[in-house]
Amino acid sequence: MNYILNTNYRLRGYSDLTTGLQNTETMSIIFISPQDFQILLDCDGIHDIDPESLTGRSRDFFRYLTERNIIRPAVFGDLLLPEQMYYRYPVNYRRECQWSITGNCNFKCLHCFMSAPHGKHGHPTFEQLVYMADQLAECGVHQVGITGGEPLIREDFLKLLDVLNQREIRLTTLYTNGWLVNENLLDELEKHSLHPSFQLSFDGLNQHDFLRGIEGAEEKTLQVLKLLHDCGYNTSVSTCLHKKNLAGIRETVNRMAELGVSFMKISPNMELGEWMSPEMKSIHISEEEFLEAVCRYIPQYFADDAPVGIMLQGAFMFTKKTGKWGIYNEIHCPPADEESMPSCGILQTSFYMSASGRILPCMGMDDTSVSEEFRTVFESPLKDILSSPEYQKRINVSVKDVRDANPKCRECRFVDRCIGGCREHALLESNHYYGIAESLCRFFEGGWDEKIRAVAEPAYQEYLSRHPELKNRTSKNEESEDKKEERSILC
C-alpha cells in the first residue's frame, strides 16, 4: 500500500540536524533518526510500504505516524505538495529568534537597560525589517518573539505580521509595555491566525508609574492583563525590584494571579543603561537585600497556595506544571560531564537580532564589551553569521571551557553544583565572555542555597499537605508512559 504525508507536515533538515519533520500549524520541528526518516521519505504516495513487514523501531515509528495522523493511506493520484518535499537549510538549526523591531519606546522607563527613552538603537525602516525577515526565512527560523523598545509603536506592525505570515514565521511571544494593546489589536492578531503569548512588565502595585515614567501606566497594564486573560491569551510578567517596591512582592504577585498571569520573573535591577543615573542608584538594592527578601517571601508564597509560577532571579523557582520548586542557580555538573555540558543550553536553540540587525547569542549581551564583535545582517548574510567559526565558538562554550578559564572554580567546594553562571551575567560581572558570575560565588559562599532550603521545604510540605492531590502529580523527572514511548520512538 502507498502512504502519504498529511498536508500539514513537511520534511526539513539543517546542516547539523538533517532529518526533521515540521508541523506547519505550529511551525515546530521534531528531529528523528535517519533510519526512521527513510520511512517518511517513502510516504510520498509512490513508494509501496508493507506495515506487516516492518519490525522493531520501524514498526513502532510507523504506528506512531499513523496514530497521530501524520501519514495516511494514499489514493490514486496523491502526490506530495512541492513545499512538503525535503529541503535542507544551509545553516545549523535555530528554533527561535528574539527580534527587536525598534529601539524606540513610548515610555520613559527609569531602569531601561537599552536606553530606549533615547532611541539609542534606532528604528529600522520597513524595508529593512522585510530584509531581516527574509534572512530568517532563508535560515529556516520559523518562530520569533518580537520585542523592542516598544514594538507596537510601529505604524507598520500589522504589515510586518503579513510579511511574517507570508514567510511562514510564527509570532510566538509579543513583549510589550501594554499601552497600545486593545481589542482592535487582538482582533487583528486573530485575522492573522496568530495567538501569541504576551509578556508585560509590572513593577509593583502603586509603584509602576514611577518606574515607567508615564502617568496611568499601572492602571492601563492592569486593564490589559485582564483583557488578555478574558480573551484567552497566555500572559507572563517581569518585575524589577528596588527599595520602593521590595516590601510589596506578596501583594503584587497575588494581584497578578487574580488577573490570570501564568508566570512571573522577579529580579533586582541591573546596573545598566538608565539605572546608572544618580536617582536610580539611590534606590538600588544589594544582592543580600534581594536574597533576604526572597527568604521572607517564599513561606508567604506557599501560604498563598503558589498563586503563579515564579522565578525569583536564580534563587528560587516554582513551576505549576511540575509542582516542584528548585534553586535555579544550582545546576549540578560533575567534572566527568563538564566537557559535554554547555554553559548555556538556550544559546544552542535561539538567538537575538537587535533593531540594528546585530546578531547576538542573547539579548542581554547587547551593549556589553563583546557586542561590537558580532556582525549585523546588513554586513553579512544571517546564514554566514550563524555558521561562522567565531559565532559557533561563542555559543558552544562548555562548562569545561569556563572552569579552565577560571582556576578558582576547580578549587571551589561548590564546583559540582555551579557552572559559572550565564554568559550575559559573566560579561556584566567580570567583563569576560569566559568569566564567571561572581554573584554565584557569593550566593553559595554565603550559604544562601541552604537558607532558601530551610524556609522553602517546610513551607512546600505544608502546601502539599493542604493539597494531597498534588502529591501524585508527575514530577519533573518522571514521564507518563505515553511520553516515555514517544521519546523512545523519536530519539
Side-chain angles (χ1 to χ4, degrees), residues 2-47 49 54 56-58 60-66 68-72 74 78-97 99 132-144 164-170 172 340 342 345-351 353 359 361 377 380-389 391-393 395-396 486-491:
N2 297 344
Y3 289 82
I4 192 166
L5 274 177
N6 275 318
T7 55
N8 57 320
Y9 290 94
R10 59 181 59 161
L11 306 178
R12 291 294 182 265
Y14 296 79
S15 298
D16 56 340
L17 298 169
T18 59
T19 50
L21 175 68
Q22 183 179 54
N23 182 333
T24 60
E25 294 177 356
T26 62
M27 300 312 296
S28 60
I29 296 179
I30 57 174
F31 295 98
I32 55 184
S33 71
Q35 175 188 344
D36 292 338
F37 195 69
Q38 185 58 52
I39 294 176
L40 282 171
L41 289 173
D42 290 341
C43 292
D44 57 2
I46 299 174
H47 288 80
I49 299 177
L54 299 176
R57 281 184 53 88
S58 295
D60 293 339
F61 184 63
F62 187 85
R63 177 167 54 86
Y64 172 85
L65 295 175
T66 54
R68 287 158 178 78
N69 296 316
I70 296 172
I71 63 172
R72 60 174 174 80
D78 267 348
L79 292 173
L80 289 178
L81 300 172
E83 58 269 24
Q84 289 183 276
M85 295 180 180
Y86 180 70
Y87 178 78
R88 183 185 297 182
Y89 294 102
V91 70
N92 286 356
Y93 172 66
R94 289 291 174 271
R95 176 179 54 82
E96 186 170 13
C97 171
W99 182 13
M132 294 184 203
D134 286 337
Q135 295 285 294
L136 294 173
E138 183 182 5
C139 292
V141 180
H142 292 289
Q143 297 181 358
V144 294
L164 296 180
N165 276 352
Q166 291 161 8
R167 288 152 182 78
E168 297 185 319
I169 299 173
R170 192 166 192 82
T172 59
S340 60
I346 297 174
L347 304 187
Q348 313 295 307
T349 59
S350 62
F351 63 96
M353 182 160 60
I359 302 302
V377 294
S380 302
L382 178 60
K383 63 180 181 180
D384 292 347
I385 297 174
L386 295 178
S387 301
S388 65
Y391 187 84
Q392 289 296 312
K393 183 179 179 181
I395 66 170
N396 290 315
E486 182 171 332
R487 282 176 59 82
S488 69
I489 291 171
L490 295 179
C491 292

Nearest-0.5 Å distance, CD1 of residue Ile49 to CD1 of residue Ile71: 6.0 Å
How far apart are the closest heavy atoms of Leu386 and Arg94, and which atoms are they? CD1-CG, 4.3 Å
Contact check, side chains of Leu5 and Leu21, non-hydrogen atoms, under 4.5 Å: yes
In the structure I gave you, are the side-chain heavy atoms of Pro381 and Gln135 within less than 4.5 Å of one another anywhere? yes
Using side-chain contact (heavy atoms from CB on, under 4.5 Å), reason through Ile46 and Leu79 one step at a time and then give a plain yes or no. CA-CA 7 Å; Ile46 299 174; Leu79 292 173; 3.9 Å; yes
Is it true that Glu83 and Arg10 make a salt bridge, defined as a side-chain N closer than 4.0 Å to a carboxylate O? no
List the steps and the verdict of side-chain contact (heavy atoms from CB on, under 4.5 Å) for Leu40 and Tyr9. CA-CA 10 Å; Leu40 282 171; Tyr9 290 94; over 6 Å; no
In this structure, is the centre-to-centre distance between the rings of Tyr93 and Phe31 below 6.0 Å? yes
Search all heavy atoms of Ile385 against all heavy atoms of Ser380 and return the closest pair with its distance. CD1-O, 3.6 Å
Would you mind reporting whether Gln348 and Pro342 have side-chain heavy atoms less than 4.5 Å apart? yes
For the residue pair Gln84 / Thr7, report whether a side-chain donor-acceptor contact shorter than 3.5 Å exists. no
Can you tell me if Tyr14 uses its side chain to pair, donor with acceptor, with the backbone of Gly140 under 3.5 Å? yes
What is the minimum heavy-atom distance between Val91 and Lys383, and which atoms define it? CG2-O, 4.0 Å
Can we say Asp60 and Arg63 salt-bridge, meaning some charged N sits less than 4.0 Å from an Asp/Glu carboxylate O? yes
Indicate yes or no: at least one non-hydrogen side-chain atom of Leu136 is less than 4.5 angstrom from one of Leu382. yes
With a 4.5 Å heavy-atom cut-off, do Ile32 and Tyr64 have their side chains touching? no
Check whether any side-chain heavy atom of Phe61 lies under 4.5 Å from a side-chain heavy atom of Leu54, and answer yes or no. no
Indicate the atoms forming the closest heavy-atom contact of Thr19 with Ser33, along with that distance. OG1-C, 4.1 Å
Where Ala133 and Arg167 come nearest, the two heavy atoms and their spacing: CB-CD, 4.0 Å
State whether the number of non-hydrogen atoms from other residues, nucleotides or ligands found under 6.0 Å of Leu17 atom CG is greater than 12. yes
side-chain contact (heavy atoms from CB on, under 4.5 Å) between His142 and Gln22, intermediate numbers included: CA-CA 10 Å; His142 292 289; Gln22 183 179 54; 3.1 Å; yes
When the ring planes of Tyr89 and Tyr87 are compared, do they come out parallel, tilted or perpendicular, using 30° and 60° as the limits? perpendicular
From Leu11 atom CG to Ile29 atom CD1, the distance as rounded to the nearest 0.5 Å: 10.5 Å
Validation row: Ile4, Arg72 side chains within 4.5 angstrom (heavy atoms): yes
Taking C-beta and beyond as the side chain, do Ser28 and Gln143 meet within less than 4.5 Å on heavy atoms? yes
State the SG-CD1 distance between Cys43 and Ile39, to the nearest 0.5 angstrom. 7.5 Å
Once rounded to the nearest 0.5 Å, what's the spacing between atom CD of Glu25 and atom CG of Asn8? 4.5 Å
In terms of heavy-atom contacts, Thr18 and Tyr86 come closest through O-OH, 2.7 Å
Sequence-distant partners of Asn165, side chain to side chain contact (heavy atoms under 4.5 Å, CB included), two or more places apart: His192, Leu194
